[in-house]
Number of protein chains: 2
Amino acid sequence: MYEIFQKYLEEKTELTQEESQRIQSFAIIKKLRKRQYLLQEGDVWKYDAFITQGCVRTYTVDDKGSEHVNSFSIENWWTGDRESLMMQQPSRFNIDAIEDTELVLFTHENFELLCREIPAFNNMVNTILQRSFIAAQNRIQASLTLTAEEKYLNFIKKYPGFASRIPQTMIASYLGMTPETLSRIRKQTAKK
Amino acid sequence: MYEIFQKYLEEKTELTQEESQRIQSFAIIKKLRKRQYLLQEGDVWKYDAFITQGCVRTYTVDDKGSEHVNSFSIENWWTGDRESLMMQQPSRFNIDAIEDTELVLFTHENFELLCREIPAFNNMVNTILQRSFIAAQNRIQASLTLTAEEKYLNFIKKYPGFASRIPQTMIASYLGMTPETLSRIRKQTAKK
DNA sequence: TTAGACTCTTGATCTATATCAAGTTTTTAC
DNA sequence: GTAAAAACTTGATATAGATCAAGAGTCTAA
């Protein structure tokens, strides 16, 4: 499944044959079964991870044992815990597979090496980071300004397709509401 | 007040004399009176802005006319609307001064030129962006998991000093609650 | 220096969403 | 293929925090 990442690279950046091969030489292919962990709370995250197939969630568990979904990532997206990676500290997050999933991993040292060696790659990575930051800002804005119903409508508009492959309980958690509330909202909006 | 930015650069990165001078040659000093806008909704943001003195807020105004504070920035931080800057689209945000404020601005073209010319500068900028992203993630996490009281305590712990220079109404808005609720929380926690 | 305008506080009431509980449907695993 | 486990729905009730209202304290601009 490396081809999917290869294609992604070709779309996002211009690389020479050698650069492409250099990148591929560091790639680690990893497969996850549904429910399998990619990262568990307390572990230090050491990779840059790209999903070629499947779907993964990042979440925390609070004192009462409730899960809070921080994000979903599907094919052609990146995942991981940047805070743990950057600070080299144990992660507060869990990441596990919602579906059988395939990833391309790079150890962070190799990834940084690639960034230093290949300016085009470095630029691509920065652009992704900027977009991620913008997305996070928008999510904060939504959480401050929208009602539960608006949050849901905003979500399905922004990520069509997610609703059908991710359990409602997890979507509710991601949106900061209970599954019951989401169920009622869906019933409401279906009527209209 | 350029010296404050100069000092910041020296702390964060290693630059040659020439590089420092190159950066300074592009710097634009800007002063804002309290309440003055740095950016108004609908305008396209064109700068990278560093605050050397003072305090600024970024906020939106909804249909009902209520303001929602997205962020505060004080001296030694950056401000602006990255989405508007990156996409070259009209901003949804307003940025105005909470106190008399001084900034160092770079037009984005010049800023990008500096990033290309000076690798150390580019690295510094990337590091800041990563930290900003991590902070945004943590804020999302807090908004999903904490009660109003916990959000406030978390805020004053994370940003001691902010509470004394920023009006409570704005802090309440930033935390996603009403001023009345924040007032009651403060009364509660003062008791303990 | 003072009137008007903000800002903060406090109380009474309301409401969106949570919680609890039970039933139904769907998925999973042998 | 089927039993057990999850996931989803629906109703009844509870509650954190919002809204409305009014008074007190603080700025601020002429």
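The chains referred to below are lettered A, B, ... by the order of the sequence lines, with proteins before strands, and numbering in each begins at 1. Below, each value reflects all heavy atoms present in this structure, side chains not excepted, and no hydrogens, waters or symmetry copies. Since this is a predicted model, take the numbers as computed values, not measurements.
- For B:T169, no side-chain nitrogen or oxygen approaches OP1 or OP2 of C:dT7 to under 4.0 Å.
- Phosphate contact (OP1/OP2 of C:dT9, side-chain N/O of B:S183, threshold under 4.0 Å): present.
- Judged by the 6.0 Å and 45° rule, B:R139 forms no cation-pi pair with B:F155.
- Between B:L146 and A:P167, it is A:P167 whose nearest contact on DNA chain D lies nearer the 5' terminus.
- A:R165 has its CZ atom 19 Å from the C1' atom of D:dA7, to the nearest Å.
- Distances were taken from every side-chain heavy atom of B:R35 (C-beta onward) to each of D:dG17, D:dA29, C:dT9; the shortest belongs to D:dA29.
- Between the side chain of A:E180 and the base of C:dC20, at least one donor-acceptor pair of N or O atoms lies under 3.5 Å.
- In this structure, A:M177 places its CE atom 20 Å from P of C:dT15, rounding to the nearest Å.
- With respect to B:Y174, the ring-ring contact (aromatic ring centres under 6.0 Å, His included) criterion is satisfied by exactly one of B:Y59, B:Y152, B:F162, B:F72: B:F72.
- With 3.5 Å as the limit, one finds a donor-acceptor pair spanning the side chains of A:Q137 and B:N70.
- Look at B:K187 and you'll find a side-chain N or O under 4.0 angstrom from OP1 or OP2 of C:dT10.
- The OH-C1' distance, from A:Y152 to C:dA16, rounds to 19 Å in whole Å.
- Atoms CD1 (B:I185) and P (D:dG17) sit 7 Å apart, rounded to a whole Å.
- Atom CZ in A:R186 sits roughly 17 Å away from atom P in C:dT17 (whole-Å rounding).
- Proximity of A:K34 to the phosphate of C:dT28: a side-chain N or O atom is located under 4.0 Å from OP1 or OP2.
- Considering A:W77, A:F50, A:Y2 as possible partners of A:Y8, the one that fulfils the ring-ring contact (aromatic ring centres under 6.0 Å, His included) test is A:F50.
- Rounded to an integer number of Å, the gap from CD1 of B:I98 to P of D:dC27 is 16 Å.
- In this entry the distance linking CZ of A:R57 with C1' of D:dA7 reads 13 Å, nearest Å.
- With hydrophobic clusters built from ILVMFWY side chains whose heavy atoms lie under 4.5 angstrom apart, B:F106 shares a cluster with B:I29.
- Taking only distance into account, the side chain of B:R184 meets the base of D:dT19 through a donor-acceptor pair shorter than 3.5 Å.
- Here the C1' atom of nucleotide D:dA7 and the CE atom of A:M170 are 10 Å apart, to the nearest Å.
- The side chain of B:T178 contributes no N or O atom lying less than 4.0 Å from OP1 or OP2 of D:dG17.
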